[in-house]
Amino acid sequence: MKVGILGGGQLGRMLLQAAANYTVETFVLENDPNCPAAHLCHHFTKGDISKFEDVYSFGKNLDAITIEIESVNVDALEKLENEGVKIYPKPSAIRIIKNKILQKQFYKDHEIPSSDFIVTQNKNEINNQLNFLPAVHKLAEGGYDGKGVQVLNDSNDVPLAFDAPCVLEKKVAIKKEIAMIVAINDKKEIRPYPIAEMMVNPFLNLLDYQICPAILPQKTVWVVEAIAIKLAKALNSSGLFAIEMFVDVEDNVWVNETAPRVHNSGHHTIEGNHCSQYDMLWRIILGYPLGDTSPILPAAIVNIIGADGFTGIPEYEGLNEVLAIDNAFVHLYGKLQTKPGRKMGHITILNSNYQDLSYKANKIKHLLKVKSAN
Ligand code: ADP
């Protein structure tokens, strides 16, 4: 089977690592020939995943296509789907998720709890909605890793607001940020993964560290699972869906956003779960039975981030010490350049004891620094 991946970042790289266990010929479309996935696929094509022609000509001789990011040309995927190429997830699901206005409207239409919102076409329109503040303002398209998100507390913040189509959504009083990955196959069989819980670094807006399974009351776990399964079913597509949610200070659960693909919140499933999210997506694409999502042991993920003040060829200070820690698994993404705040890899730690996980996560954050000699 010939399977293409749109995007060649770290998620594509890990998908390709899992593909090595199956009989599958892999293709990657990506602009950067030095991207993390380029050297692990059978066939690399340089091209723009957002351009119709590039995606269409890449996909027309393939059996199936999947994505590692939503910013793909959905029109081309739709045409390919009509011509018989299987797309995971369906272009109709990507179209909804790719645009935050459509995504929020979808939640509303399907009665999936998500914070109240209004749509603004430009920043002037916010001046007519000042009673909606404090709110979180999000670019409809093109935001990632917190870069398309801003908090607007009051009218003083409006001049700095994005001047483009956005959703303005009520600010949730967040107690916990969590995520659940749900797998659905062509037979509509569904398997949720355990809930992951994130700690966000407020300065970089990137994950500080993550634990899984999350520490939540059983009642909240049931609510989260019910919402995630309802949402994934409503998207009406096979594939993997990573659903990011908030638990608020009153223990209500709100959907923040969905990613229709393998997701950073599931990196730990490689070592932490019987079937990793990457293996699971191959099972879905290749038509094999779904795998076992249950955890082997609780896991933490620590991101490896480029240190401030260093740009250039990466040097991983403290790597020996980290590799000497029991049950710490290092994943470097093979990026040729580091820069401040850039995600260069991650480390998964396994332990039955949550205190030990958090101790080791913090220890690793202090030990490991991505620097550069030049
Ligand atoms: P991105 O897709 O760029 O990561 P998110 O929509 O996940 O953007 O938002 C980034 C962060 O902003 C979230 O992790 C959360 O901390 C905060 N945030 C987003 N939406 C809200 C909201 N409605 N209320 C409170 N905080 C929010």
Side-chain angles (χ1 to χ4, degrees), residues 7 9-11 67-72 93-94 96-108 112-120 126 129 131-154 157 160-162 164-181 195-212 214 224 227-228 231 240-267 301 303 305 341-343 346:
Q10 62 260 22
L11 291 164
I67 61 169
E68 66 135 35
I69 188 161
E70 296 75 79
S71 54
V72 294
I94 304 175
I96 294 164
I97 287 170
K98 201 183 152 183
N99 181 298
K100 286 208 165 149
I101 299 172
L102 298 179
Q103 197 183 138
K104 287 289 279 188
Q105 191 57 45
F106 176 84
Y107 299 147
K108 198 170 173 181
I112 286 158
S114 185
S115 65
D116 200 12
F117 73 103
I118 51 178
V119 175
T120 54
I126 306 169
Q129 305 288 353
N131 57 352
F132 205 76
L133 306 185
V136 182
H137 195 222
K138 300 184 178 181
L139 283 177
E141 294 218 19
Y144 66 97
D145 277 352
K147 291 192 178 66
V149 175
Q150 53 189 193
V151 176
L152 303 179
N153 284 310
D154 53 40
D157 293 336
L160 299 172
F162 301 128
C166 281
V167 290
L168 188 64
E169 59 178 59
K170 281 281 178 203
K171 199 170 164 191
V172 176
I174 298 173
K175 182 156 86 180
K176 291 195 171 191
E177 297 204 28
I178 58 172
M180 176 175 260
I181 295 172
I195 303 167
E197 177 175 342
M198 348 277 168
M199 310 280 290
V200 173
N201 179 326
F203 300 107
L204 291 175
N205 237 332
L206 281 172
L207 190 64
D208 200 18
Y209 73 92
Q210 177 192 290
I211 55 166
C212 185
V224 168
I227 293 171
L231 198 175
L240 274 194
F241 299 94
I243 301 151
E244 295 181 22
M245 288 171 267
F246 302 130
V247 181
D248 74 12
V249 288
E250 288 167 359
D251 284 335
N252 300 306
V253 179
W254 304 95
V255 171
N256 175 27
E257 58 174 0
T258 302
R261 52 171 170 81
V262 289
H263 192 247
N264 294 339
S265 66
H267 282 327
I301 303 172
N303 283 335
I305 309 273
R342 188 171 197 202
K343 253 191 92 176
H346 72 267

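Remember, it's 1-based here, ligands and their atoms both numbered in the order they're listed.
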Task: Part of Q103 within contact of ligand 1 (heavy atoms, under 4.0 Å) - done: neither
As an exercise, identify every atom of ligand 1 less than 4.0 angstrom from a heavy atom of [X].
X: N256; value: 5 (P), 6 (O), 7 (O), 20 (N)
X: K100; value: 2 (O), 6 (O), 8 (O)
X: K170; value: 22 (C), 23 (N), 24 (N)
X: E177; value: 13 (C), 14 (O), 15 (C), 16 (O)
X: E244; value: 7 (O)
X: E169; value: 20 (N), 21 (C), 22 (C), 23 (N)
X: K138; value: 6 (O), 19 (C), 20 (N)
X: E257; value: 1 (P), 2 (O), 4 (O), 5 (P), 6 (O), 7 (O), 8 (O)

Under a heavy-atom criterion of less than 4.0 Å, does [X] contact ligand 1?
X: S115; result: yes
X: W254; result: no
X: M198; result: no

Can you confirm whether [X] sits close enough to [Y] that some side-chain heavy atom of one is under 4.5 Å from a side-chain heavy atom of the other?
X: T258; Y: Y107; value: yes
X: K343; Y: N264; value: yes
X: K170; Y: F117; value: no
X: F246; Y: V253; value: no
X: I227; Y: P113; value: yes

- [ ] Examine distances only and state if a side-chain atom of N252 and a backbone atom of D248 form a donor-acceptor pair shorter than 3.5 Å.
- [x] no
Open item on the list: Would the distance check show the side chain of K98 and the main-chain N or O of Q103 forming a donor-acceptor pair, the cut-off being under 3.5 Å?
Closed with: no
- [ ] Check V172, V255, L231 against M245 for a side-chain contact (heavy atoms from CB on, under 4.5 Å) and give me the one that passes.
- [x] V255
Open item on the list: Assess whether a salt bridge exists between E68 and R261, defined as any Lys/Arg side-chain N lying under 4.0 Å from an Asp/Glu carboxylate O.
Closed with: no
Task: Per atom 26 (N) of ligand 1, closest listed option by heavy atom (V167, V172, I174) - done: I174
